[in-house]
**Student:** 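Below is the structure I would like to discuss, written out as structure tokens.
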Amino acid sequence: MMHLTRHRLEVADLLAEVQSAERGGTCVFLGTVRNDAGVTGIDYTAYEAMAVEEIERILAETHERWPDARVMLQHRLGLIPVGEASIAIAAAAPHRDAAFAACRHVIEAVKKRLPIWKKELRGDGSEQWVEAHDHR
Amino acid sequence: MMHLTRHRLEVADLLAEVQSAERGGTCVFLGTVRNDAGVTGIDYTAYEAMAVEEIERILAETHERWPDARVMLQHRLGLIPVGEASIAIAAAAPHRDAAFAACRHVIEAVKKRLPIWKKELRGDGSEQWVEAHDHR
Amino acid sequence: MGKVSVRFFARYAELAGCSWSAVNVQTPATVADVISRVREVFPGTQAMPPRPLAALNQRQVKLDATVKEGDEVALLPPLSGG
Amino acid sequence: MGKVSVRFFARYAELAGCSWSAVNVQTPATVADVISRVREVFPGTQAMPPRPLAALNQRQVKLDATVKEGDEVALLPPLSGG
């Protein structure tokens with residue numbers, strides 16, 4: 001499964017990657033574009049080669065810390081309209097503690113480490129780079 | 001949306017209930033039947049009227065604590081084969097902290113409070129009530 | 001004497017041999033009184049723990065909760081939902 | 001002198017007026033040396049913060065990391081993925 005895509009993210013596809021008969025708990029996180037202050041969409045760009053490597057590092061670290069968990073992550077790039085997902089993370093594990101913890105760990109690492117940038121597009125035609133960490 | 005169902009749980013249906021343009025973070029939890037020690041499926045029964053009331057109480061308490069979050073929960077009853085979900089919870093909020101916290105709160109409350117029981121069915125034809133809290 | 005509905009679930013229904021019944025108790029009673037009467041009427045339920053989980057009118061209660069005529073007492077094995 | 005690839009992203013690409021270039025520096029150099037050279041060649045990048053985030057060969061590094069000929073230095077605005 002590709003970690004970066006320009007297509008809509010499909011939760012079912014991520015679930016299929018991580019779930020199995022041994023893993024009874026699955027935690028999914030979806031980050032979607034909010035309609036803050038006239039925002040109609042966000043254009044996502046990435047340093048793609050580095051982002052892919054960073055995602056693989058994050059997933060490898062997560063696997064080391066929660067060996068029973070299986071985790072998948074996809075980030076969408078390009079123009080994403082309000083309400084659609086820019087990121088989807090799925091973590092499945094035998095028990096729910098690890099599923100929640102691994103999923104949360106990945107989104108926090110993504111926010112800190114992925115070389116991806118957002119330009120907000122507004123209904124009035126204006127555009128603006130988002131440069132502060134958000135807390136979505 | 002019915003809180004108890006005998007049909008397969010569909011994540012997309014829960015997402016449609018909770019997501020909106022104001023809510024940028026969504027956390028989903030799925031509990032699925034594990035293939036522990038020869039288990040082929042689990043038969044779930046409930047004190048249905050009380051379970052529905054208890055779910056509504058749990059959701060109301062969650063809403064009080066995280067007013068910006070919207071949370072939905074479905075529990076499946078009847079015979080559920082290994083690998084399929086018995087419970088699905090979706091929590092969407094403006095920011096991810098509340099989405100994760102509300103989702104986690106609901107599954108912990110469910111485990112403690114819902115009058116639902118499991119009978120494990122094994123490949124050798126034997127059956128056994130599950131009476132300890134599990135930690136899935 | 002008043003009539004109180006009694007419901008048994010999961011393993012307790014197997015012990016009682018039924019899932020829905022009624023017992024007569026001196027009302028007002030406590031849930032514990034209802035359980036004592038249940039153990040007489042349905043001897044299989046003597047295998048329930050001394051202090052089983054119980055609900056009164058679809059809400060979990062302690063065993064000293066007051067039961068009136070027409071109430072519904074449910075006897076609940078350890079919960080294992082999710 | 002050695003040639004080092006330089007990449008600009010997001011707002012920094014707008015400041016530089018380009019997204020992919022190369023500069024000549026005395027190698028071995030540090031990432032900070034490369035950035036100083038970049039500020040001369042692409043004056044718009046003087047609007048970058050004094051110590052921008054940087055990656056060397058696709059891995060985030062401190063500004064004192066050593067750069068060899070042929071390396072790729074990327075200048076990264078504050079990250080906002082997710």
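Chain identifiers are assigned alphabetically (A, B, ...) following the order of the sequence lines, protein sequences preceding nucleic acid strands; residue numbering begins at 1 within each chain. Side-chain atoms are counted along with the backbone in the values below, which use heavy atoms only and exclude waters and symmetry mates.
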**Student:** Quick one: closest heavy-atom pair of A:S86 and D:G82, and the distance?
**Tutor:**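 In this case the closest contact between A:S86 and D:G82 is OG-O, 3.1 Å.
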**Student:** What part of A:A46 gets closer than 4.5 Å to chain D, counting heavy atoms only: side chain, backbone, both or neither?
**Tutor:**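 Just its backbone gets close to chain D.
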**Student:** Can you tell me which of A:R57, A:K119, A:E54, A:E53 forms the most heavy-atom pairs within a distance under 4.5 Å of chain D?
**Tutor:**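 Answer, by heavy-atom pair count under 4.5 Å with chain D: A:R57.
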**Student:** Check each atom of D:R59 against the heavy atoms of chain A and say whether the ones under 4.5 Å are side chain, backbone, both or neither.
**Tutor:**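 For D:R59, backbone and side chain are both near chain A.
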**Student:** At their closest point, which heavy atom of A:M50 faces which heavy atom of D:Q58, and how far apart are they?
**Tutor:**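 Smallest heavy-atom distance, with atoms named: CG-O, 3.2 Å.
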**Student:** Assess whether atom CD of A:E64 is packed by more than 12 heavy atoms of other residues, nucleotides or ligands within 6.0 Å.
**Tutor:**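 Counting other residues, nucleotides and ligands, CD of A:E64 stays at 12 neighbours or fewer.
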**Student:** Can you confirm whether D:R51 is buried at CZ, in the sense that more than 12 heavy atoms of other residues, nucleotides or ligands lie under 6.0 Å from that atom?
**Tutor:**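 No, because the 6.0 Å sphere around CZ of D:R51 holds 12 heavy atoms or fewer from other groups.
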**Student:** Considering residues, nucleotides and ligands other than A:M2, do more than 12 of their heavy atoms fall under 6.0 Å from its CE?
**Tutor:**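 No, CE of A:M2 has 12 or fewer neighbouring heavy atoms, counting only those of other groups under 6.0 Å.
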**Student:** Which heavy atom of A:Y47 sits nearest to which heavy atom of D:A74, and what is that distance?
**Tutor:**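 Taking A:Y47 first and D:A74 second, the nearest heavy atoms are CE2-CB, 3.2 Å.
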**Student:** At a heavy-atom separation under 4.5 Å, does A:R76 approach chain D through its side chain, its backbone, both, or neither?
**Tutor:**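 For A:R76, there is no contact with chain D at all, as no heavy atom is under 4.5 Å.
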**Student:** Of the non-hydrogen atoms in D:P77 and A:E131, which two are nearest, and what is the gap between them?
**Tutor:**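 Of all heavy-atom pairs spanning D:P77 and A:E131, the closest is CB-OE2, 3.6 Å.
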**Student:** Can you measure from CZ (D:F9) to CH2 (A:W129) and round to the nearest 0.5 angstrom?
**Tutor:**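 Here the rounded value is 11.0 Å.
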**Student:** For D:S80 and A:W117, indicate whether the former's side chain and the latter's backbone hold a donor-acceptor pair under 3.5 Å.
**Tutor:**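 No; judged by distance alone, with no hydrogens or angles, the pair does not exist.
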